Amino acid sequence: MFDEMSGSNETVRSPYKEYKNWVDSEDPAWLRKKSDQAEEFFRRTGITFNVYGSKEDAERLIPFDIIPRIISAREWNKLTKGIRQRVHAINAFLYDIYHRQEILKAGRIPIDLIANNEAFLPQMMGVSPPGNVYTHIVGTDIVRTGEDDFFVLEDNARTPSGVSYMLENRETMLHMFPEIFSKIRVQSVSDYPKNLLRSLAASAPECATDKPVIAILTPGIHNSAYFEHAFLADQMGAELVEGHDLRVVDGRIAMRTTQGYTPIDVIYRRVDDDFLDPINFNPISQLGVPGIFDVYRSGGITIANAPGTGIADDKAIYSYMPEIVEFYTGEKAILQNVPTWRCSDKQALSYVLEHLSELVVKEVHGSGGYGMLVGPASSKKELALFRDKLLARPDNYIAQPTLSLSTVPILTRKGLAPRHVDLRPFVLVSPDGIEITPGGLTRVALKKDSLVVNSSQGGGTKDTWVLRE
Amino acid sequence: MLSKTAGGLFWMFRYLERSENTSRLLEAGFHISLTRANSAEDEWVSIITTAGAKYAYEAKYKTYDAASVIDFLLRDKSNPSSVLSVFEGARNNARMVRTALTREVWEAINESWLAMKVLLVNPVHERELPDVLNFIKKQSAIVRGALHGTMLRNEIYDFAMLGTFLERADNTARILDVKYYVLLPSFSFVGSALDNIQWETVLRSVSAQRCYRWLNQGEMKPMGIADFLILDRRLPRSLAFSYANIVQHLNFLAEEYNIKHTCHEQAKTIHTRLKTKTIETIFEEGLHEFITEFIENNIELGNQIEADYNFNG
């Protein structure tokens with residue numbers, strides 16, 4: 001097991017040296033008091049997320065741990081190089097899939113995988129978004145298993161969330177421990193909203209003016225990530241709209257204001273494809289805007305991320321990412337994929353069934369840790385139940401080995417103790433290029449030995465520090 | 001500004017104002033029930049009526065007693081105008097329009113809501129009632145203070161103020177509507193000690209008993225009280241004061257948007273009536289008729305503002 005503070009033995013790894021000295025010299029009781037203050041701060045500010053299916057206390061706090069996760073400049077440079085390459089390939093792939101489909105013609109990925117995929121949107125065929133950017137916002141999930149072993153776990157090219165925690169976690173740390181930031185030189189994350197705004201403005205359609213009108217489309221105050229939608233709108237100075245605030249006026253999407261309807265140029269939507277447009281997609285959706293897709297096709301608005309990007313982060317497609325990267329960049333993928341068994345494949349399925357207790361099994365379209373099986377942590381009964389699910393719909397699942405995720409210490413009542421973590425850096429793509437904020441969201445499994453870091457399943461977060469060179 | 005945001009602000013502050021007014025009503029009722037035990041039931045009836053909750057209350061309770069009324073108006077979630085319900089409404093609207101609020105205003109309403117939820121988790125015992133009511137009024141004052149202290153004086157502020165003063169005018173008018181008979185000359189001929197208490201309750205339910213005493217050296221006259229609550233431009237809960245503010249903020253909006261709507265005409269008409277009438281003419285023409293008409297006009301104005309600024313699409 002690899003601990004990011006102490007490595008594989010008991011020495012302190014260099015990115016953590018200064019911090020460890022500092023934390024060891026502080027009174028543990030004082031640290032715990034700070035930790036309680038942090039929670040109070042989050043509650044007061046209303047940094048909450050909603051849990052689906054939980055009646056009481058529907059708004060919950062994500063536990064925040066005050067021990068930072070620290071990444072050296074060298075490690076970060078390597079990571080960003082790999083992420084950049086991958087995100088570039090994803091956008092090239094999406095353009096190709098919705099135009100000439102060269103990758104299918106070349107036989108590098110099977111046609112079935114696209115043709116029979118719910119995430120593929122035939123309506124997007126032939127549509128070219130401004131600058132051919134499909135994924136304006138990406139949250140690449142990365143796990144680490146050793147000194148130089150980083151894996152991409154998921155590409156999250158639809159509507160990744162969590163960036164507000166990256167920003168608020170840092171704000172909280174700066175507020176609580178100002179002195180440590182003068183000792184340790186940490187790269188700033190606070191430009192993210194400004195960069196997001198610039199990046200979205202650069203993606204505006206041709207009909208937009210010099211100062212494009214940008215809006216965030218939220219499903220509303222009951223959505224699990226509503227806080228984040230409001231937070232970003234606030235920080236960017238963008239409008240926060242719901243579907244019923246919008247309608248088609250003269251071939252544009254316009255929002256209802258106190259002075260009538262005003263056109264919008266770019267929509268950062270936090271609503272899934274399916275709910276975007278009841279005329280063109282799911283007819284019962286109340287969250288979208290009737291006709292928005294037609295306006296989009298005719299170039300009247302930019303939708304970020306573009307509809308149909310799900311085909312690039314689908315978990316079955318994921319297993320082909322090394323091929324995809326190579327096909328579009330002509331280079332080997334810098335970041336590794338986690339080995340993946342596609343259960344649609346007979347041989348793979350029988351291997352998965354045989355080794356179920358060692359594997360992690362995920363739904364192809366699932367997210368948020370819902371509907372997944374962690375073999376080593378499951379009972380015999382749970383395994384048997386999942387076996388039936390697999391046999392009934394093998395296409396719906398992929399399996400991966402249970403990786404020994406790296407650990408970072410958290411503050412417990414008994415002092416520092418290691419817990420497993422992952423990392424979600426946030427990537428912005430515009431016609432001007434790809435930008436990665438130095439930091440990200442570190443999610444941490446608070447239970448000892450647990451590998452599930454999802455906030456909906458009891459995970460917490462940490463501030464993520466990328467050190468200056 | 002998005003219409004939804006304007007609507008959210010308008011209702012956030014209507015609800016906030018209502019939570020405060022309901023607490024004040026309860027305070028006045030509680031006071032009278034302590035001092036005049038045998039007229040307590042009538043008082044609770046009139047409080048429930050003033051709160052516009054008679055129908056809902058009687059669907060649930062057979063009798064009017066302190067514990068039931070207090071619980072119904074303070075924390076009953078099935079009563080849409082209970083303090084807990086309207087405060088939740090205010091906070092939900094605040095969440096919706098969060099991007100239009102300063103951090104101070106948002107934190108004030110969020111903290112108030114969190115504290116209120118804890119405070120009202122169990123039925124409030126009579127002996128705790130004064131403290132609880134004080135707390136609720138204070139919360140509303142904290143939010144308003146944050147608004148005055150930190151918000152830009154722009155359209156956002158105008159819609160917040162419009163919500164506040166429409167609700168306040170409605171509330172003061174309702175108190176007068178339910179209690180108008182105690183202010184009529186025919187009533188005061190009865191000349192009992194009850195009059196004074198009734199008059200004082202009216203003043204107390206708009207927190208104006210002290211202001212009235214300052215201005216009138218403690219002498220209670222029903223017509224004077226009606227004059228004070230309806231026409232006095234100095235009293236922050238009077239109809240005239242509320243309308244001076246409504247007209248002012250509607251005019252700011254007209255300036256900012258460079259357009260006047262039907263609501264501007266309506267507000268001006270109501271305001272002119274309050275400026276030009278004397279309390280004597282109001283009594284001559286009928287206090288009750290005046291109040292009933294005012295309440296109707298005030299509701300119409302609220303609807304017209306919602307329509308003119310596209311709140312509901």
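Bear in mind the structure is a predicted one, so any value in this text is a computation, not a measurement. Order of the sequence lines sets the chain letters (A, B, ...), proteins ahead of strands, with each chain counted from 1.
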Would you say that more than 12 heavy atoms from the other residues, nucleotides or ligands in this model lie under 6.0 Å from the NZ of Lys34(A), or not? yes

Backbone N or O of Arg256(A) within a donor-acceptor pair of the Lys4(B) side chain at under 3.5 Å? no

Engaged part of Asn310(B) at the chain A interface, taking heavy atoms whose separation is under 4.5 Å: both

Counting distance only, does the side-chain N/O of Tyr309(B) pair as donor-acceptor with the main-chain N or O of Thr257(A) below 3.5 Å? no

Tell me if the NE2 atom of His175(A) is crowded by more than 12 foreign heavy atoms within 6.0 Å. no

Please classify the contact between Leu2(B) and chain A as side chain, backbone, both or neither, with a heavy-atom cut-off of under 4.5 Å. both

Would you say that Phe231(A) contacts Thr99(B) through its side chain, given a criterion of any heavy-atom pair below 4.5 Å between the two side chains? no

Just do the side-chain contact (heavy atoms from CB on, under 4.5 Å) check on Met1(B) and Gln259(A) with the steps written out, would you? CA-CA 8 Å; Met1(B) 172 164 54; Gln259(A) 302 175 80; over 6 Å; no

Would you indicate whether Asn258(B), at its atom CG, is surrounded by more than 12 heavy atoms from other residues, nucleotides or ligands within a distance under 6.0 Å? no

Keeping Asp308(B) on the side-chain end and Thr258(A) on the backbone end, is there a donor-acceptor pair under 3.5 Å? no

At a heavy-atom separation under 4.5 Å, does Asn312(B) approach chain A through its side chain, its backbone, both, or neither? backbone

Would you say Arg98(B) and Asp234(A) make side-chain contact, with heavy atoms under 4.5 Å? no

Part of Glu242(A) within contact of chain B (heavy atom distance under 4.5 Å): both

Reported OG1-to-CE distance for the pair Thr218(A) and Met96(B), which is rounded to 0.5 angstrom: 11.5 Å

Take atom CZ of Arg144(B) as the centre, draw a 6.0 Å sphere, and report whether it contains more than 12 heavy atoms from other residues, nucleotides or ligands. yes

